[in-house]
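One structure is given here, and the rest of the page talks about it.
In what follows, every heavy atom counts, from backbone to side chain, and hydrogens, waters and symmetry copies are set aside. None of the values given here were measured: they were computed from a predicted structure. One is the number of the first residue; the rest follow in order along the sequence.
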Amino acid sequence: MDIDRTIHEMEQAANILLNPYQQSRDYIKMSENVFISFAKSQFTIPQCFLILEKTRVELVLFETVKMIKNILIYEWRGLNDDDKMVMRQKLLDYVINNPNLPPSVIERVLQIVAIMVKRKFLEDGGEELKSLLAKIKEMIFESQDNRVQQVSCAFIVSILQEFTNTVKSEDVVLSFEEHFRAKKMFEARELLLIFQLIFDALERILPILDMNTPTHFIMLESSLKIMELVLSWSYITALIPKRIIKAFESLNNIKQQPSLRLSTLWQPHMLRRRTIEVFFIIYWRIRDHAVLQQKGMNCLIQLSTLSGPVFSQPNSSFTYFRDYVELLMMMLKNCDVNEREAFGIATIIRKLLMIHNVKTELARMDEGLVKEFLGAMVLMTVKFNELSVKENLSYGDTVYTDASKSLLEAWLDVIDVVEFAFSEEVHHHARVIFDKFIECHIDGSGTDQEIKCSTFFDTIALYTEAKLNELCTCMENPDSVTKIFDAPYLAYYDIWACLLYGCNRRKTFNSRDINHLSVQLSQEHKIDSQSTLTTLQSSVQLQLPQDKCDPTVRIFANILRLCEMENRAIESGFGATWSPLLSSTIMWFIGQYLNIYILIDATYYNPLAPVFAELFTIGSALPANAWCMNFILNKVAWNMHKYHHDVDVVEESIRLFLDIVNIRNQKLHMLLNLKVFKI
């Protein structure tokens, strides 16, 4: 077989395929056939290496490396150990000795070596990989050749990428069970070794780090990429079916990273303050470099989600939480959060408060540190709120809008602490944020009439009703239907309404303040049960609320009214102008309200407000509970039919349904008697 002729034909074909608009269809087809014939040919590995040495055309190199990979995979069991080691070293030397190789070719070559390592790993239990990692460590720390260091880090990345996938691996010969066994063995020991290796490298480079030096920049970029993969590793139990694992791995790749849940083996490394400190120092040094900043931020976000057996020691979770908050405050005091990092910082705070037990850990922290932390939160919330208004007006990126949403959700967790400590600070901050929100989204929103309200609830209710009236007007005029008010405003109102009610997903009873307000209004004859029930039931006819409706139920009735508008708009063919974000937020709000105000257990209150006692307690005479449940369940079914293509709406609808069917005891008996369950 003439190697030179084959190379010449492939290079000509590559030039045609890389410039298809200048060629005829026949030439393009002939060029494709050249590579198809090459893939079916009987070239040996030595011949493939000869092609790699003689050509510099990227497509030819790529296809040749692909052929080497296929040969190795299918002939692996016929090769002896010496041949495998020689082949692996030859591939690594090829990458090291050719600094001008295209990135796609380097990645493909290192992927082949990673596949070879994984195959051998299953055969010897990881002995060869352990010695290989020791050699890589030596190359990183002792080699004076920057190219060797870069290739070493890139090789580790390829190994991590190969072991993390159990379903979509390039090694198609191994079964799913073999891939899964390799992953579980790898994460039990080698993953920690890689973390130690790269962490030591980062500590070494920090004192001499110069971001203007290309070698330092490349080395730091490679190290952070490895750390990002390690800290985002998806730990999956063997009890999960294959199809679920496949979906989980795909979700991690495209949507969000899993929380960092580590075993006790990681305690000596993760429970040191120095570990978090190094990542904060690195982030501080790279925050002005867009390429590296996101990788550093992702590492900090993953560290904020640390949980699991790694916290088996007493007080270890609290110590970690305190150290993280202290270091975060040190960074925030010395910088002004910019647009690139706004959402990342908000996500860190949200996940810190979500993962850790706020009631115990935040309450145990030093009072000065807690006040500083809450102060930083309120400043960022106010700032992001102001900047989000400009985003909504310009219809551009929604960085500050998303960051505001994360911080508002974080405040829901902070409310947990109010009953135990810092109630004065939290109430003050809530008022500051609410006033700023009103200033940004109501006072400057173009509403004609001046809004004067005695309570937060009246403010939200009146403004929501004003917007609903605007929506009704738009729906009556098809030419103006595209003017339907923007979803983010109402989404914020839903979140803030829940925040002010003291709602969160872990509370299952009404807040004392809201109950006391309802009792007071009942005593003053400003609200009554019949008007409240009428308002609820008339909401689906798009009627305005009664004068004597309870303020909290009034807001809920407005949301049900909005649900009915949504149904009518989509049934009338206006679905393209309706925001799925608004639909998913509606379901989230209903879930929050449902867990607190529907099917109330009266034993939690002394006394329970008359409106809630007569309408929403178990066994109440008036049919408010059954009416609300029937409406909500029908809405869930409607969403599953109309929004089956929208993941967020479906997820919120399913979550709401699961919240309903998880109800126990008397509540479950009442649910099973509903019409919707008898159909």
Side-chain angles (χ1 to χ4, degrees), residues 234 236-237 239-241 243-248 250-252 255-256 258-259 261 305 307 350-351 353-355 357 405-406 409 412-413 415-416 491 494-495 497-499 501-510 556 559-560 562-563 566-567 580-601 604 616-618 624-679:
S234 56
I236 305 175
T237 176
L239 301 177
I240 300 178
R243 65 182 184 278
I244 302 298
I245 293 176
K246 180 178 180 180
F248 183 73
S250 300
L251 181 66
N252 290 340
K255 192 169 184 180
Q256 61 181 357
S259 296
R261 185 175 175 83
T305 67
S307 62
R350 173 73 185 107
K351 294 198 172 186
L353 297 176
M354 179 177 64
I355 296 294
N357 190 334
K405 182 178 179 181
S406 291
E409 290 175 348
L412 296 178
D413 292 306
I415 288 176
D416 277 351
D494 296 345
I495 295 169
C498 292
L499 176 58
Y501 300 157
C503 293
N504 60 58
R505 288 180 174 85
R506 290 185 296 281
K507 277 192 173 181
T508 56
F509 52 90
N510 198 349
F556 182 60
I559 299 304
L560 299 187
L562 180 60
C563 286
E566 176 188 19
N567 295 354
L581 170 63
L582 177 57
S583 301
S584 61
T585 306
I586 289 172
M587 301 310 290
W588 178 85
F589 175 85
I590 291 175
Q592 298 290 323
Y593 195 95
L594 171 75
N595 289 331
I596 298 173
Y597 295 100
I598 310 292
L599 295 174
I600 299 173
D601 189 341
Y604 282 114
F616 298 116
T617 54
I618 300 170
N625 278 327
W627 187 90
C628 289
M629 281 297 183
N630 273 313
F631 182 91
I632 293 169
L633 289 169
N634 282 315
K635 177 59 179 172
V636 169
W638 191 91
N639 279 2
M640 298 301 292
H641 175 62
K642 297 294 183 180
Y643 282 109
H644 58 85
H645 58 281
D646 192 280
V647 176
D648 291 333
V649 179
V650 170
E651 282 183 353
E652 288 296 344
S653 301
I654 292 174
R655 189 176 291 114
L656 174 57
F657 180 74
L658 292 177
D659 285 344
I660 294 174
V661 298
N662 281 334
I663 293 174
R664 295 289 185 266
N665 303 327
Q666 298 179 38
K667 298 181 181 181
L668 180 60
H669 178 72
M670 177 266 177
L671 283 174
L672 294 176
N673 289 322
L674 294 176
K675 282 184 182 179
V676 69
F677 279 112
K678 293 183 177 180
I679 296 176

Point-to-point distance, once rounded to the nearest 0.5 Å, from CD of Glu409 to CH2 of Trp588: 6.5 Å
Heavy atoms from other residues, nucleotides or ligands near NE2 of His641 exceed 12 (cutoff 6.0 Å): no
Could you give all pairs that pass the salt bridge (Lys or Arg N to Asp or Glu O under 4.0 Å) test and reach residues 582-597, with sequence neighbours left out? none
Excluding sequence neighbours, so at least two apart, what forms side-chain contact (heavy atoms from CB on, under 4.5 Å) with Val650? Met640, Ile654
To the nearest 0.5 Å, what is the distance between CG on Leu633 and CE on Met629? 7.0 Å
So do Met587 and Val636 actually touch side chain to side chain, heavy atoms under 4.5 Å? yes
Evaluate the side-chain hydrogen bond (donor to acceptor under 3.5 Å, both in side chains) criterion for residues Ser653 and Asn639: first the C-alpha distance (whole Å), next the side-chain angles of each, then the deciding distance (0.1 Å), finally the verdict. CA-CA 7 Å; Ser653 301; Asn639 279 2; 3.2 Å; yes
Within this structure, what is the CG-CD1 distance for the pair Leu656 and Ile590, rounded to the nearest 0.5 Å? 6.5 Å
Tell me, do Phe556 and Cys628 make a side-chain contact under 4.5 Å, heavy atoms counted? yes
Report yes if the side chains of Phe631 and Cys563 come closer than 4.5 Å at any heavy-atom pair, otherwise no. yes
Quick one: list whatever passes side-chain contact (heavy atoms from CB on, under 4.5 Å) with Thr305, sequence neighbours left out. Ser259, Leu260, Gln302, Lys351, Ile355
Stepwise side chain to side chain contact (heavy atoms under 4.5 Å, CB included) check, Trp627 with Leu560: CA-CA 12 Å; Trp627 187 90; Leu560 299 187; 3.6 Å; yes
Begin from the C-alpha positions of Ser583 and Asp646 and carry the test side chain to side chain contact (heavy atoms under 4.5 Å, CB included) through to its verdict. CA-CA 10 Å; Ser583 301; Asp646 192 280; over 6 Å; no
What pairs meet the salt bridge (Lys or Arg N to Asp or Glu O under 4.0 Å) rule with one or both residues in residues 632-643, with sequence neighbours excluded? Glu566-Lys635, Glu571-Lys642
